[in-house]
Amino acid sequence: MKFNDILKLVWALTPFILVCLGLLSIVIAAFLVATCLGWLILGLSLIIIGYILAPKQGKTE
């Protein structure tokens, strides 16, 4: 892969990376408040990321 291709890939993945970093900051803050709350938010964050990455029905690309 050329540097230009890598740059295009990183630019295309930037929104997903920002969403993951935002969820990670919320999880860390929840763990600082309470351990149980942290595990709950971590589980919800993993479900959200799984939903984002799951293939959508009826979409062909």
Side-chain angles (χ1 to χ4, degrees):
M1 284 181 93
K2 294 182 181 177
F3 179 74
N4 212 10
D5 295 335
I6 295 172
L7 194 62
K8 285 180 184 178
L9 180 63
V10 169
W11 186 252
L13 291 176
T14 300
F16 178 71
I17 293 169
L18 291 176
V19 167
C20 288
L21 289 175
L23 289 173
L24 182 64
S25 68
I26 292 170
V27 167
I28 290 172
F31 268 111
L32 290 175
V33 171
T35 305
C36 292
L37 180 64
W39 285 112
L40 176 68
I41 301 297
L42 177 64
L44 291 174
S45 297
L46 289 174
I47 290 171
I48 291 171
I49 290 175
Y51 178 76
I52 291 171
L53 292 176
K56 307 295 186 271
Q57 293 290 333
K59 279 186 118 177
T60 56
E61 291 186 31

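- In terms of heavy-atom proximity, Ser45 sits nearest to Val27 at OG-CG2, 3.5 Å.
- Note that CG of Leu23 is 11.0 Å distant from CG of Leu18, once rounded to the nearest 0.5 Å.
- Qualifying ring pair (Phe, Tyr, Trp, His ring centres under 6.0 Å) partners for Phe31, counting only residues two or more places apart in sequence or in other chains: Trp39.
- We find the CD1-CG distance between Ile26 and Leu21 to be 11.5 Å, quoted to the nearest 0.5 Å.
- Taking every heavy atom of both residues into account, Leu37 and Val33 meet most closely at CD2-CG1, 4.1 Å.
- In terms of hydrophobic clustering, with Ile, Leu, Val, Met, Phe, Trp and Tyr side chains grouped at heavy-atom distances under 4.5 Å, Val19 and Ile49 are assigned to a common cluster.
- Separation of atoms CG (Leu42) and CD1 (Ile47) is listed at 10.0 Å; rounding is to 0.5 Å.
- A distance of 13.0 Å separates CD1 of Ile41 from CD1 of Ile28, quoted to the nearest 0.5 Å.
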